[in-house]
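What follows is a single structure, written as C-alpha cells, with notes after it.
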Protein chains: 2
Amino acid sequence: MNEIEKFKEKLKDKGYKLTTQRRVILDVIMENRDKHLSSEEIYDLVRLKYPEIGLATVYRTLQLFEELGIVYKLNFDDGRNRYELYHNENHQHHHLICLKCGAVIEMEGDLLENLEEAIEETKDFEIIDHNVKFFGYCSKCRSRYN
Amino acid sequence: MNEIEKFKEKLKDKGYKLTTQRRVILDVIMENRDKHLSSEEIYDLVRLKYPEIGLATVYRTLQLFEELGIVYKLNFDDGRNRYELYHNENHQHHHLICLKCGAVIEMEGDLLENLEEAIEETKDFEIIDHNVKFFGYCSKCRSRYN
DNA sequence: TAGTTTATGATATTCATTTTCAATTGTCAA
DNA sequence: TTGACAATTGAAAATGAATATCATAAACTA
Ligand SMILES: [Mn+2]
Ligand SMILES: [Mn+2]
Ligand SMILES: [Zn+2]
Ligand SMILES: [Zn+2]
C-alpha cells in the first residue's frame, strides 16, 4: 500500500471525506519532504495548483493531518506553526537552527538514551515524545566571508 | 553583591532607569523562582502589588529582562511566552511537561554531551543554546487513581 | 532644582490562527 | 444513478497574544 492509499484509509477510518483540497495539500507537503513549511507557505504553494482554496481550509487541514499523524507540527520560535511530513515512526531527528541565516539542519539519530533513561528513573516520568532544538551558527555563517 | 544590587547595576550599565514597575516585576519573578509564568500571569501578580501598572509595561519589561539576561524565555507550545529567572550561568535544565495535567518538572543536568559533540563534529554547527522538552505523563497521572 | 532622557499607561494596531455560517460537495444506501 | 444527509468549504468576522504609538510622567545628573 503506497502513501496515498494509506492517506485515504486514514481519512475513511475516522469518517473524514477525501476532498480535492485535502489531496492537493498533501501533494504539496509530499513534494517538500525536506522543508519545514509554515501554514502560509503551504497556502501559497497550494494556491498555485488550486487557486480557489481558502486560507481557513489550509489551517483546518493541517490540524487534521496532525491528528491523523500524517504531519508533525514544529515550533521554531518564529511565531508561526511549521509542518513536516511524519518521517519514520519514532520521529527521531533534531533540528539545528542557525541564529544568523535561519537555516534548519536535521540531525538524524537520537542520542538521547542517557538522558531519557535518567528521566524515566529519577523522575518517574513516562516519555511519549521529545522536542530538541539547537540554536547556533551553521558552517556557512561561521566562515569569515560572511 | 546580592541579586537586587546586580539588577540595579545591569540597568545602569546600559542606561536604563530603575523604576518602581521594574522593581515590582522583578520581585514577582523572584518570588516565583520555581514557576514558569506567562506574561499575563505575571501581569496579574504584579497588579496585586501595583494596580496602576499597564499591560504593555509588563510585556516591555519582560523583553528587557530577557535582553539583560535576568530572565529566560520559555516556549511550552501553549501559545504564550513564559519566563523563568535565569538560574545558573549555563541554563542546564530541561523541562518535562505532563500531557495530562500540564505539570512542568525540571530535569537538572545536561546529559547532552554525546549529542552535542556529534553535532559539532558531523554538522560543523556551533551550538550556542539548546532547547529540550520532553512530553509524557508525570507520576501522579500515571497512577491508577487518576 | 532644572533640564534632559527614558519610561509609562491607554489605546490602537498587527498578525497568526480560529470561528461562524450559508452554500457546496462527498458518501452510501436504495 | 439518485437522493439524503453529514461533512466540508470559502469568505468574512472574531480572537488573542504581542507590539507600536504618543502624550504625559518619572528618573537621572549636573
Ligand atoms: Mn525536520
Ligand atoms: Mn525551568
Ligand atoms: Zn547560517
Ligand atoms: Zn500529570
Side-chain angles (χ1 to χ4, degrees), chain A residues 4-5 7-28 36-68 70-71 73-83, chain B residues 4-5 7-28 36-68 70-71 73-83:
Chain A
I4 305 296
E5 293 303 315
F7 169 62
K8 289 182 184 171
E9 196 105 327
K10 276 184 180 174
L11 287 176
K12 190 178 281 183
D13 267 16
K14 308 233 169 128
Y16 296 121
K17 294 177 179 170
L18 175 55
T19 64
T20 314
Q21 291 89 336
R22 285 174 181 168
R23 220 5 251 281
V24 174
I25 293 170
L26 180 65
D27 284 345
V28 163
H36 304 85
L37 300 174
S38 69
S39 313
E40 291 233 21
E41 286 167 346
I42 292 168
Y43 174 57
D44 289 339
L45 291 171
V46 167
R47 260 196 307 183
L48 299 176
K49 302 176 184 245
Y50 194 115
E52 322 85 283
I53 203 167
L55 178 58
T57 301
V58 173
Y59 274 98
R60 279 187 293 236
T61 303
L62 290 170
Q63 274 187 186
L64 176 65
F65 283 7
E66 203 204 352
E67 273 175 45
L68 296 178
I70 291 169
V71 117
K73 183 160 72 177
L74 307 166
N75 187 324
F76 290 170
D77 289 311
D78 60 353
R80 64 202 60 202
N81 290 338
R82 296 185 170 275
Y83 296 88
Chain B
I4 305 296
E5 293 303 316
F7 169 63
K8 287 183 185 169
E9 195 106 322
K10 277 185 179 172
L11 286 176
K12 189 177 280 182
D13 267 15
K14 306 235 169 126
Y16 296 120
K17 294 176 177 170
L18 175 56
T19 64
T20 315
Q21 290 88 335
R22 287 174 180 166
R23 218 7 250 279
V24 174
I25 293 170
L26 180 66
D27 284 344
V28 163
H36 304 87
L37 300 173
S38 69
S39 313
E40 291 231 22
E41 285 167 347
I42 292 169
Y43 174 56
D44 290 338
L45 291 171
V46 168
R47 259 194 308 182
L48 299 176
K49 301 178 184 242
Y50 194 115
E52 324 85 281
I53 202 165
L55 177 58
T57 301
V58 174
Y59 275 99
R60 278 186 295 238
T61 303
L62 291 171
Q63 275 187 184
L64 176 65
F65 283 7
E66 203 204 350
E67 275 173 46
L68 297 179
I70 292 169
V71 118
K73 183 162 70 177
L74 307 166
N75 187 325
F76 289 172
D77 290 311
D78 60 353
R80 64 202 61 200
N81 290 338
R82 296 185 169 276
Y83 296 88

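To find a chain, count down the sequence lines: A is the first, B the second, and so on, and within it residues start at 1.
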Task: More than 12 heavy atoms of other groups within 6.0 Å of B:Lys49 NZ - done: yes

Open item on the list: Whole angstroms only, please: what is the CZ-C1' distance between A:Arg23 and D:dA7?
Closed with: 20 Å

Open item on the list: Can you confirm whether or not the ring centre of A:Phe65 sits under 6.0 Å from the ring centre of A:Phe7?
Closed with: yes

TODO: Measure from CG on A:Leu11 to C1' on C:dC28 and round the result to the nearest Å.
DONE: 17 Å

Task: A:Leu18 CG to A:Leu26 CG distance, which is reported to the nearest 0.5 Å - done: 9.5 Å

Open item on the list: Nearest 0.5 Å, please: how far is CG in B:Leu55 from CD1 in B:Ile42?
Closed with: 11.5 Å

Open item on the list: Measure CG/A:Leu62 against P/D:dT8 and give the value in whole Å, please.
Closed with: 15 Å

Open item on the list: Looking at A:Lys17, is its backbone amide N or carbonyl O close enough to the side chain of A:Arg22 to form a donor-acceptor pair, meaning the two atoms are under 3.5 Å apart?
Closed with: yes

Task: Distance in angstrom units between A:Leu18 CG and D:dA6 C1', rounded - done: 16 Å

Open item on the list: Using whole Å, what does the distance between atom P of nucleotide D:dA18 and atom CG of A:Asp77 come to?
Closed with: 12 Å

Open item on the list: At under 4.0 Å between heavy atoms, how does the protein contact nucleotides 2-17 of chain C? Give one character per nucleotide, 5' to 3', with B, S or -.
Closed with: ---BBSBBB-----SB

Task: Carboxylate-amine/guanidinium proximity below 4.0 Å for B:Asp44 and B:Arg47 - done: yes

